[in-house]
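One structure is given below, encoded as structure tokens.
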Amino acid sequence: MHTRQKVLIVGGVAGGASAATRLRRLDEHAEIIMLERGEYVSFANCGLPYYIGGTIKDKNALTVQKPQDFIEKFNIDVRIFHEVTAIDTEKKVVTVKEVLTGKIYEENYDKLVLSMGASPIHPPIVGSDCPKVFTLRNIPDTYAIKDYIQKQNPKTAVVVGGGFIGVEMAENLHQAGLDVTLIEMANQVIAPIDPDMAADVHHYMKSKGIHLSLENGVTAIEETNTGLHITLTKGAVNADMLIMAIGVRPDTALAKQAGIALNERGAIIVDAHMKTSAKDVYAVGDAIEITDSITEQKGYIPLAGPANKQGRIAADNICGIASTYPGTQGSSILKIFDMIVASTGINEKTAKRLGLCYDKAYTFSGNHADYYPGAVKMAIKTIFDKTNGKILGAQIVGFEGSDKRCDVFSTAIRAGMTAYDLTKLELCYAPPFGSAKDPINMAGFVIENLLTQKVKQIHWHDVQNLPKDDSIIRIDVRTPQEYSVGNIEGFPNLPLSQIREKMKEMDKAKPVYICCQIGLKAYTAARILTQNGFDATIIGGGYRLYHSIFGK
């Protein structure tokens, strides 16, 4: 006879909802109860900014699954406005409060899944509780912002925080007709990418009319007759509304009260089976600590994709399938107007902090064949292990086609592939979609050349350390026309077409440092010079990268 198990799931959205539906597919007889303190059990929180900006017109589109859908399709008992207020892991009982009536009752369980998610960080800033100050985490937040815009007709907005939500909100408030200022305490937006890649993003956002104030923070907010006066660490700004988007923290007070082990950040500690320290209690989603699949370091990466997978794995284990979570890779993507910013694996900041033996390669490739109309370049930064060429991370800033390249990098990293493997990938090619040498292949070729010492490189931050005297030779091998648009001081123009002739006049005893636009012509020049007895080194990423970072 089948033993019927009772599973309680606290919270919905990505992790809880995927756990519930996977459980039902695996066990038709289980009693599954989902307890959600709010009104919405499964909603598209990644889509919320786009409703505010008007890209998503129908508010119903934000609700992925309604309670009735869970009941009819999956026979899951969904109880909205039911808040779990306590967990007794010894008795295997939770205390539940009916939000609308105040009634308190208890529910026992055989297995418990915690999917409480995360809540926005509310810094202790004077005036942050003003009604013109908003956060965005759920559907009621979204409606409050949208209603305020429609009814109060604000003209200006400040967004505090340059993470995913902050940048998306800046774009969507701009699309809604507001003049937007984004304030970020760090020296860049979008922390998963490195500052040298964020430089392109900064230029683009400014070109679209977003006012960027980096390395700045809010110290006080004062409501005035005309709106808000916002005092900053550097200066002040006035606005009609403010969005606080400085990040989230795991919503785990319930787990803490129950004696379930948390890390220093307050995230629930789980094993590879999604089990917590309490017997028969699992946890998934934005409430948990993760293991970085590349570095094996513990961390906190609240993303919808991992949450979905974790919910599925918890359900597997509850049903006796020994499923394990391989760790989080941190693959993420963001749209800013028409620009795409994508990353996967570790960034250079992490590689440096951990003392890894790494290097980086910069490539600039067209999203499809240059001769096919509409080709645009994407900037790619690839982090790799210098000892074996293993790909550790990739960042892409570009436009159409950038997303699929980052997905290939993500797959390559998960598979433990090296730069040599990238050179051999056979990717789809037709002029509207790519090139015979895909941007992924090109990144592999560049790294392979570095690993096999066919070329040496220095980086943009090394240029300032080059000797200022004539003990070295500096050249820029672009065409005179390209050179005239902008160049690095101290690098005279010597077009590639003249290298073979002019090198006869060059001193082979002096190292040669070569610049071009993106690194390709410099590589060709370096190969010519190296095979003629010179010690040649290129500037990785060329003038294109240098100018993006320094603006000169």
Side-chain angles (χ1 to χ4, degrees), residues 1-38 41 67 70-71 74-99 101-117 250-263 266-289 307 310-325:
M1 184 177 173
H2 192 283
T3 303
R4 191 183 192 210
Q5 64 176 340
K6 181 176 181 180
V7 183
L8 301 186
I9 299 171
V10 182
V13 196
S18 67
T21 53
R22 175 69 169 172
L23 272 167
R24 175 56 74 220
R25 292 186 184 103
L26 294 175
D27 187 347
E28 177 60 23
H29 305 287
E31 181 182 0
I32 305 169
I33 302 172
M34 196 185 300
L35 300 160
E36 169 57 50
R37 66 186 172 194
V41 74
F70 283 98
I71 295 165
F74 300 103
N75 189 26
I76 292 168
D77 182 357
V78 176
R79 302 177 189 175
I80 57 173
F81 296 121
H82 281 239
E83 181 179 6
V84 175
T85 57
I87 303 168
D88 187 327
T89 59
E90 292 293 321
K91 295 180 180 177
K92 300 178 80 169
V93 166
V94 303
T95 304
V96 186
K97 176 184 177 182
E98 292 185 12
V99 175
T101 66
K103 178 185 171 185
I104 307 290
Y105 67 95
E106 289 188 340
E107 198 74 61
N108 69 300
Y109 64 84
D110 296 311
K111 298 286 193 295
L112 177 66
V113 179
L114 303 179
S115 178
M116 291 95 68
D251 193 350
T252 53
L254 190 61
K256 184 178 182 180
Q257 290 164 5
I260 293 168
L262 310 179
N263 69 6
I268 300 170
I269 297 170
V270 295
D271 66 11
H273 303 284
M274 313 315 300
K275 290 180 180 177
T276 70
S277 62
K279 188 175 187 297
D280 294 323
V281 180
Y282 298 76
V284 300
D286 292 359
I288 70 165
E289 174 186 80
Q310 292 155 6
R312 180 184 178 91
I313 287 163
D316 283 355
N317 284 286
I318 287 169
C319 293
I321 300 170
S323 185
T324 58
Y325 184 64

pair Leu23-Phe74: side-chain heavy atoms closer than 4.5 Å: no
From OH (Tyr105) to NZ (Lys97), nearest 0.5 Å: 13.0 Å
In short, Thr101 meets Glu98 closest at the heavy-atom pair OG1-OE1, 3.0 Å
NZ of Lys6: more than 12 outside heavy atoms within 6.0 angstrom? yes
Rounded at 0.5 Å granularity, tell me how far CZ in Arg22 sits from CD1 in Ile32. 12.0 Å
Could you give the distance from CG (Asp316) to CZ (Arg25), rounded to the nearest 0.5 Å? 11.5 Å
Which atom names give the shortest non-hydrogen contact between Val284 and Gln310, and what distance separates them? CG1-O, 3.4 Å
CZ of Arg312: more than 12 outside heavy atoms within 6.0 angstrom? no
Sequence neighbours left out, what passes salt bridge (Lys or Arg N to Asp or Glu O under 4.0 Å) with Arg24? Give chain and number order. none
In short, Thr89 meets Ala278 closest at the heavy-atom pair CG2-CB, 3.7 Å
In terms of heavy-atom contacts, Val113 and Ala19 come closest through CG1-CB, 4.4 Å
Closest non-hydrogen atoms of Thr276 and Ile260, given as atom of the first, atom of the second and distance, are CB-CG2, 3.8 Å
If you round to the nearest 0.5 Å, how far is CZ of Arg4 from CD of Glu31? 5.0 Å
Salt bridge (charged side-chain N to carboxylate O under 4.0 Å, His left out) pairs, two or more places apart, involving residues 83-94: Lys92-Asp280
Can you find a pair of side-chain heavy atoms, one from Lys256 and one from Thr252, that are under 4.5 Å apart? no
Qualifying residues under side-chain hydrogen bond (donor to acceptor under 3.5 Å, both in side chains), relative to Gln257, sequence neighbours excluded: none
Show, in sequence, the C-alpha distance, side-chain angles and deciding distance for Ile318 and Asp27, and conclude whether the side-chain contact (heavy atoms from CB on, under 4.5 Å) test is met. CA-CA 10 Å; Ile318 287 169; Asp27 187 347; over 6 Å; no
Any side-chain heavy atom of Val96 sitting closer than 4.5 Å to one from Arg79? no
Hey, are the side chains of Ile9 and Ile76 touching, using non-hydrogen atoms and a 4.5 Å cut-off? no
Is any side-chain heavy atom of Tyr109 closer than 4.5 Å to one of Val281? yes
Say you draw a straight line from CD1 of Ile33 to CG of Leu112; how long is it, rounded to the nearest 0.5 Å? 11.0 Å
Would you call Met274 and Ile288 a side-chain contact if the rule is heavy atoms closer than 4.5 Å? yes
Value rounded to 0.5 Å, distance of NE2 in His273 from OG1 in Thr324: 6.5 Å
Pair Ile268, Glu289 - check side-chain contact (heavy atoms from CB on, under 4.5 Å), show working. CA-CA 6 Å; Ile268 300 170; Glu289 174 186 80; over 6 Å; no
Write down the atom of Asn317, the atom of Ala322, and the distance for their closest heavy-atom approach. OD1-CA, 3.8 Å
